[in-house]
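Have a look at the structure below, then the notes.
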Amino acid sequence: MALQMRKMPDMEEFRVLLKEHGLKSTHQRLAVHEAMMRLGHASADMVTEEIRKAGTVKVTVASVYNILSQLALLGVYSHRMSAGSKMFFDVNSYNHIHLYDIRNHEYRDILDDELMELVESRLNHRRWRGYKVDAIDIQIVCHPTRRRAQVKAQ
């Protein structure tokens, strides 16, 4: 497995992706992507708040959620469910590992090609009767140590 492209699409690449999928580059879609570029991993509520802070486009949480969901279905973003049953979206759609802080509901990317290659090579040789593997999605659930919690509180 070759090293994967490790960058989120910039605004020009995002416009091209939209066009490839037959979507217009609306002000709302562009604002959502700008917010996602700043946030990385976010819920529709978080993206809406980020757009409202910028003050350039008026959006509702529902419209942001619809845009994020549509882009996730097209593979532009990925999505995952938090422990609190809240949908989070990830601007990085390449294969990578997630560290999920169950207390603060925050995601962090872990880039470890060696580990991903090991897991993929092991699972590529496995067969499950009646199933075909579409993707490998690894999420490590954790909580902050006391030390990290103290540093964050300061």
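Just so we're clear, the structure is a prediction, and the values are computed from it rather than from any experiment. We're numbering straight along the sequence, starting at 1.
With rounding to the nearest 0.5 angstrom, the OG atom of S25 is 9.0 Å from the NZ atom of K19. Taking CG from L111 and NE2 from H96, the interatomic distance works out to 7.0 Å, rounded to the nearest 0.5 Å. To the nearest 0.5 Å, atom CG of residue L115 and atom CD of residue E120 are 9.5 Å apart. For the atom pair H98 NE2 and C142 SG, the distance stands at 12.0 Å (nearest 0.5 Å). Summarising the geometry, atom CG belonging to L123 is positioned 4.5 Å from atom CD1 belonging to I136; distances are rounded to the nearest 0.5 Å.
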Exercise. Passes side chain to side chain contact (heavy atoms under 4.5 Å, CB included), H33 versus V91? Steps please.
Worked result: CA-CA 8 Å; H33 188 63; V91 73; 3.8 Å; yes
For this session: Test R29 against L18 for side chain to side chain contact (heavy atoms under 4.5 Å, CB included), laying out the working first.
Result: CA-CA 9 Å; R29 285 187 182 118; L18 289 175; 3.9 Å; yes
For this session: Let me see the working for Y107 and S82 under side chain to side chain contact (heavy atoms under 4.5 Å, CB included), right down to the final yes or no.
Result: CA-CA 9 Å; Y107 288 92; S82 75; 4.0 Å; yes
Exercise. Can you check side chain to side chain contact (heavy atoms under 4.5 Å, CB included) on F14 and M37, steps first, answer last?
Worked result: CA-CA 11 Å; F14 182 69; M37 287 177 20; over 6 Å; no
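Contact annotation: the side chain of V76 approaches that of H21 to within less than 4.5 Å [non-hydrogen atoms, C-beta and beyond]. Put simply, the side chain of L17 does not reach to within 4.5 Å of the side chain of L74, judged on heavy atoms.
In this structure, F89 and H79 have tilted ring planes: the angle between them lies in the 30° to 60° band.
Every residue two or more places apart in sequence or in another chain was checked for a salt bridge (charged side-chain N to carboxylate O under 4.0 Å, His left out) with E34, and none qualifies. Every residue meeting the side-chain contact (heavy atoms from CB on, under 4.5 Å) condition with V16, not counting sequence neighbours, appears here in chain and number order: E12, E20. The side-chain contact (heavy atoms from CB on, under 4.5 Å) check on H27 picks up V57, with sequence neighbours excluded. When the side-chain contact (heavy atoms from CB on, under 4.5 Å) test is applied to I102, the partners found at least two apart in sequence or on another chain are A83, Y100, V141, H143.
Residues L73 and M36 fall into different hydrophobic clusters, defined by Ile, Leu, Val, Met, Phe, Trp and Tyr side chains chained together at heavy-atom separations under 4.5 Å. Under the 4.5 Å side-chain heavy-atom criterion for ILVMFWY residues, a single connected hydrophobic cluster contains both I67 and M11. Grouping the Ile, Leu, Val, Met, Phe, Trp and Tyr side chains by contacts below 4.5 angstrom, directly or via other members, places V61 apart from V32.
Contact record, L39 with A42: CD1-CB, 3.7 Å, taken as the closest heavy-atom pair.
For residues 75-89, the set of pairs meeting the salt bridge (charged side-chain N to carboxylate O under 4.0 Å, His left out) definition, not counting sequence neighbours, comprises D45-K86, R80-D137. Screening residues 64-73 for salt bridge (charged side-chain N to carboxylate O under 4.0 Å, His left out) gives no qualifying pairs among residues at least two apart or on separate chains.
With no hydrogens or angles considered, no side-chain donor-acceptor pair links N92 and H41 at under 3.5 Å.
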